[in-house]
Participant: 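One structure, pasted below without further comment.
Sequential numbering from 1 along the given sequence is applied to the chain's residues. Atom set for the values below is all heavy atoms of this structure, side chains included, hydrogens, waters and symmetry mates excluded.
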Amino acid sequence: MGLDQYALITTETIDHEVDFKIPENACEIHYWRKHPNLHGWMQDLYYDKGGTKEFNCTPVVLNGDDLDRLEAAIKANELPDTCGFFFGTTVGDEKEDDLKFIEKARQAIADGYTVLYDSWW
């Protein structure tokens with residue numbers, strides 16, 4: 001058991017940025033295992049966008065502005081310290097991988113896809 005995190009893309013139009021069902025045609029473009037500080041950032045984004053549920057198996061849409069903010073937080077080492085029973089620990093060597101995700105996500109948006117973050121713990 002533990003924190004599994006996914007970035008997905010879909011061609012489906014999603015009407016709400018939070019609290020929606022993941023489309024069946026969604027495909028994984030990135031995966032993280034036990035990166036709680038990234039998860040904490042995504043959780044804050046989820047609630048900022050109006051989410052009301054427990055942030056577990058609850059996807060959130062990532063747009064270009066979200067990716068810009070995330071990139072700035074990663075580069076400034078400002079992802080929030082986050083902990084949870086099954087979360088593990090962010091160790092500090094995730095930056096390069098996180099920035100690769102942002103690059104892939106930006107390209108997916110440019111190609112007409114919707115980018116989602118989802119997690120399960």
Participant: With a 4.5 Å cut-off on side-chain heavy atoms, are Leu79 and Ile74 touching?
Facilitator: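 Touching, per the 4.5 Å side-chain cut-off.
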Participant: Between Phe20 and Thr58, is any pair of side-chain heavy atoms under 4.5 Å apart?
Facilitator: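 Result no, sub-4.5 Å side-chain heavy-atom pair not found.
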Participant: For the side chain of Lys49 and the backbone of Val61, is there at least one donor-acceptor N/O pair under 3.5 Å apart?
Facilitator: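 Present.
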Participant: To the nearest 0.5 Å, what is the distance between NZ (Lys21) and CD (Glu12)?
Facilitator: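 Rounded to the nearest 0.5 Å, the NZ-CD separation comes to 10.5 Å.
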Participant: Can you name the ring-ring contact (aromatic ring centres under 6.0 Å, His included) partners of Tyr31, sequence neighbours left out?
Facilitator: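 Per chain and number, Tyr31 pairs via ring-ring contact (aromatic ring centres under 6.0 Å, His included) with Tyr6.
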Participant: CG/Leu45 to CG/Asp65 distance, rounded to the nearest 0.5 angstrom?
Facilitator: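 So the gap between those two atoms works out to 11.0 Å.
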Participant: For the pair Asn37 (side chain) and Thr82 (backbone), establish whether a donor and an acceptor sit closer than 3.5 Å, ignoring hydrogens and angles.
Facilitator: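 Checking the backbone N and O of Thr82 against the side chain of Asn37, a donor-acceptor pair under 3.5 Å is found.
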Participant: So how far is it from Gln107 CD to Ile9 CD1, rounded to the nearest 0.5 Å?
Facilitator: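 Nearest 0.5 Å value for the CD-CD1 distance: 10.5 Å.
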Participant: Would Glu71 and Arg106 pass as an ion pair if we require N to O under 4.0 Å?
Facilitator: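 Salt bridge flag = yes for Arg106 with Glu71.
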Participant: Within a 6.0 Å radius of atom CD on Glu103, are there more than 12 heavy atoms belonging to other residues, nucleotides or ligands?
Facilitator: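 Counting other residues, nucleotides and ligands, CD of Glu103 stays at 12 neighbours or fewer.
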Participant: How many angstroms lie between atom CD1 of Ile102 and atom CG of Leu62, to the nearest 0.5 angstrom?
Facilitator: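 Spacing of CD1 (Ile102) from CG (Leu62) equals 9.5 Å.
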Participant: Decide whether Asp4 and Ser119 meet the rule of one side-chain donor and one side-chain acceptor closer than 3.5 Å.
Facilitator: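 Their side chains do not contain a donor-acceptor pair, so the 3.5 Å distance test is not met.
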Participant: So Val60 and Gln43, do their side chains get closer than 4.5 Å, heavy atoms only?
Facilitator: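 No - every pair of side-chain heavy atoms lies 4.5 Å or more apart.
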Participant: Can His35 and Asp97 be counted as having a side-chain donor-acceptor contact under 3.5 angstrom?
Facilitator: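 Per modelled atom types, His35 and Asp97 side chains form no pair under 3.5 Å.
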Participant: Examine distances only and state if a side-chain atom of Glu94 and a backbone atom of Val91 form a donor-acceptor pair shorter than 3.5 Å.
Facilitator: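 Yes, because the side chain of Glu94 sits within donor-acceptor range (under 3.5 Å) of the backbone of Val91.
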Participant: Of all the heavy-atom pairs spanning Asp44 and Pro80, show the shortest one and how long it is.
Facilitator: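 Minimum heavy-atom contact is OD2-CG, 4.0 Å.
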Participant: Less than 4.5 Å apart, side chain to side chain, heavy atoms only: is that true for Lys53 and Tyr46?
Facilitator: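 Yes, close enough: below the 4.5 Å cut-off.
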Participant: Find out whether Ile109 and Leu67 are in side-chain contact, i.e. whether some heavy atom of one side chain is under 4.5 Å from a heavy atom of the other.
Facilitator: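 A side-chain contact under 4.5 Å exists here.
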Participant: Answer yes or no: are there more than 12 heavy-atom neighbours, outside Asp81 itself, under 6.0 Å from its atom CG?
Facilitator: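 Not buried by this count: 12 neighbours or fewer within 6.0 Å.
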Participant: For residues Arg69 and Asp66, determine if any side-chain heavy atom of one lies less than 4.5 Å from a side-chain heavy atom of the other.
Facilitator: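 Yes. Closest side-chain heavy atoms under 4.5 Å.
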Participant: For the aromatic rings, using the six-membered ring if either is Trp, is the centroid distance between Trp41 and His39 under 6.0 Å?
Facilitator: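 For Trp41 and His39, the ring centres are not under 6.0 Å apart.
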Participant: Do other residues, nucleotides or ligands put more than 12 heavy atoms under 6.0 Å from Lys95 NZ?
Facilitator: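 Above 12, so yes.
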Participant: Could you tell me whether the side chain of Lys104 and the main chain of Ile29 form a donor-acceptor pair under 3.5 Å?
Facilitator: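 Flag set: sc Lys104 to bb Ile29 pair under 3.5 Å.
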Participant: I need the Tyr113 OH to Leu8 CG distance, nearest 0.5 Å.
Facilitator: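 Spacing of OH (Tyr113) from CG (Leu8) equals 13.0 Å.
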Participant: Are the side chains of Thr114 and Leu116 in touch, meaning some heavy atoms are under 4.5 Å apart?
Facilitator: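 In contact.
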Participant: Please round to the nearest 0.5 Å and tell me the distance separating atom SG of Cys57 and atom CH2 of Trp121.
Facilitator: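 These two atoms lie 9.0 Å from each other.
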Participant: For Trp32 and Leu38, indicate whether the former's side chain and the latter's backbone hold a donor-acceptor pair under 3.5 Å.
Facilitator: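 Answer holds: no.
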Participant: For a 4.5 angstrom cut-off between non-hydrogen side-chain atoms, does Asp118 reach Gln5?
Facilitator: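 Side chain of Asp118 against side chain of Gln5, heavy atoms only: no contact under 4.5 Å found.
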